[in-house]
Amino acid sequence: MPELPEVETTRRGIEDHVVGRRLVDWEIRNAALRWPVELPGELRNQTIVRIDRRAKYLLLRTETGALIMHLGMSGSLRVVDSSVAVRKHDHLDLCFDDGGILRLHDPRRFGSVHFQTHPVEAHFLLAKLGIEPLGPDFNGAHLKRLAKGKRVAVKNFLMNGHVVVGVGNIYANEALFMAGIRPTVQAQQVTLAAYEVLADCVRNVLNSAIQMGGTTLRDYVGGSGDPGYFKQSLNVYGREGELCNLCDSELRSLRLGQRATVYCPKCQQSRGFRKNEC
DNA sequence: ATAGTCACCTGAGCGC
DNA sequence: TGCGCTCAGGTGACTA
């Protein structure tokens with residue numbers, strides 16, 4: 001569920017309710033997330049000084065480190081008060097001094113929660129991450145340089161967290177459509193010019209989704225409890241068999257790296273000859 | 001080093 | 001209504 005825009009939407013939705021609050025207690029109802037949840041005693045009574053996002057991780061920074069949270073495939077966070085009934089799959093409550101509770105809901109339990117003392121970025125989940133797609137260093141030259149010698153499909157390349165973080169299946173499909181690049185082309189075959197277009201498209205599709213509050217699929221709900229509206233503007237994801245919004249060709253699907261891949265056979269001819277509405 | 005597969009887990013949707 | 005199957009937004013670990 002949560003891809004980068006959903007995580008960023010969550011970050012924005014919870015930050016005003018959490019930053020500046022002191023974490024007075026917590027309740028772990030089910031510690032069996034992707035890694036066992038164990039929060040150290042030193043975390044108690046620390047104040048959340050800032051919430052950052054790195055890739056799809058939320059970093060709730062405290063005086064001595066940070067809570068590192070990942071929402072996996074099905075996770076969501078909501079700020080509630082103690083009167084709100086606990087639902088199935090509400091695995092963790094973080095309880096603050098103002099009575100607010102940050103509640104983690106995650107049916108599939110692919111998410112994770114760790115506490116890491118300074119330096120937070122040394123944590124094993126953060127140490128090897130690639131660059132941020134919305135940061136200043138993400139551009140066509142970066143992609144072209146890392147693609148050298150890579151025969152893997154460009155879609156898989158784009159979803160590789162060592163290359164660029166935060167581009168999940170939905171937005172990889174969408175960005176390749178907008179750039180007019182066939183998802184199956186070898187990464188090394190894509191030209192620098194096409195990678196420059198692709199980098200722009202990745203940025204644009206992520207920013208657009210953030211502005212609309214993320215993509216609502218199944219049970220995703222942002223931190224504010226409001227659903228996202230980006231799903232309505234998806235061009236290819238989930239639309240196999242339907243008609244291309246640009247040329248009326250029938251969208252085709254295949255599987256790449258066991259993930260659903262949808263593309264327009266006409267608009268995405270090859271390595272990116274044309275720039276679609278990006 | 002690279003590329004491909006597997007695993008973790010629950011729930012929704014489908015055909016029968 | 002139920003059973004069995006496939007699929008789903010992620011990603012570290014494992015294998016050739």
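Because the structure is a prediction, the values reported are computed rather than measured. Chain naming here is simple, since letters A, B, ... match the order of the sequence lines and numbering starts at 1 in each.
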*Is there side-chain contact between Q268(A) and L176(A), with at least one heavy-atom pair below 4.5 Å?*
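In contact.
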Looking across every strand, which nucleic acid part, if any, lies under 4.0 Å from [X] by heavy atom: base, sugar-phosphate, or nothing?
X	result
A260(A)	sugar-phosphate
Y57(A)	sugar-phosphate
R109(A)	sugar-phosphate

*Check whether the side chain of R151(A) and the base of dT2(B) form a donor-acceptor pair under 3.5 Å.*
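Not at all, since no donor on one side and acceptor on the other fall under 3.5 Å apart.
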*Considering only heavy atoms and no angle criterion, is a donor-acceptor pair shorter than 3.5 Å present between the side chain of R108(A) and the base of dC9(B)?*
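Side chain to base: pair found, below 3.5 Å.
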_Output the pairing pattern of DNA chain B as a dot-bracket string, 5' first, Watson-Crick or G-U wobble with both distances under 3.5 Å, | for cross-strand pairs, [ ] for crossing pairs._
.|||||||.|||||||
_Audit row: Q46(A), T62(A), side-chain hydrogen bond (donor to acceptor under 3.5 Å, both in side chains) steps and yes/no_ = CA-CA 6 Å; Q46(A) 291 203 45; T62(A) 70; 2.7 Å; yes
Per [X] side chain, nearest of listed nucleotides [options]:
X	options	result
M73(A)	dG9(C), dG12(C), dT2(B)	dG9(C)
Q258(A)	dG10(C), dT5(B), dT10(B)	dT5(B)
F110(A)	dG12(C), dG9(C), dC8(B)	dC8(B)
R255(A)	dA8(C), dG10(C), dT10(B)	dA8(C)

Can you tell me the distance, in whole Å, between the [atom1] atom of [X] and the [atom2] atom of [N]?
X	N	atom1	atom2	value
L254(A)	dC7(C)	CG	C1'	16 Å
H105(A)	dT10(B)	NE2	P	13 Å
L126(A)	dG12(C)	CG	C1'	14 Å
E6(A)	dG9(C)	CD	P	12 Å

*Please measure how far the P atom in dA3(B) lies from the corresponding atom in dG9(C), and state the result in whole Å.*
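So the two P atoms sit 22 Å from each other.
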_Test side-chain hydrogen bond (donor to acceptor under 3.5 Å, both in side chains) on D90(A) and H105(A); report intermediate values, then the result._
CA-CA 4 Å; D90(A) 282 344; H105(A) 180 80; 2.8 Å; yes
Compare side-chain N and O positions of [X] against OP1 and OP2 of [N] and report whether any pair is under 4.0 Å apart.
X	N	value
Y237(A)	dG9(C)	yes
R259(A)	dC7(C)	no
H162(A)	dA1(B)	no
H70(A)	dG10(C)	no

_Aromatic contact, W35(A) with F124(A) (centres under 6.0 Å)_ =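 Between F124(A) and W35(A), which both carry aromatic rings, the centre distance is below 6.0 Å.
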*R44(A), CZ: over 12 other non-hydrogen atoms inside 6.0 angstrom*: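 Yes, CZ of R44(A) has more than 12 neighbouring heavy atoms, counting only those of other groups under 6.0 Å.
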*In the hydrophobic cluster built from side-chain contacts under 4.5 Å, what are the other members alongside V86(A)?*
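Grouped by the 4.5 Å side-chain rule, V86(A) forms a cluster of one, so the answer is none.
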_Residue met sooner reading DNA chain C from 5', once L4(A) and K128(A) are mapped to nucleotides_ =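 Of the two residues, L4(A) wins.
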_Can a donor-acceptor pair be found, under 3.5 Å and without considering hydrogens, that links the side chain of N235(A) to the backbone of E174(A)?_
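Not confirmed, N235(A) side chain does not pair with E174(A) backbone.
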_Is there a side-chain hydrogen bond (donor to acceptor under 3.5 Å, both in side chains) between K155(A) and T184(A)? Walk through the geometry before answering._
CA-CA 7 Å; K155(A) 178 173 178 250; T184(A) 49; over 6 Å; no
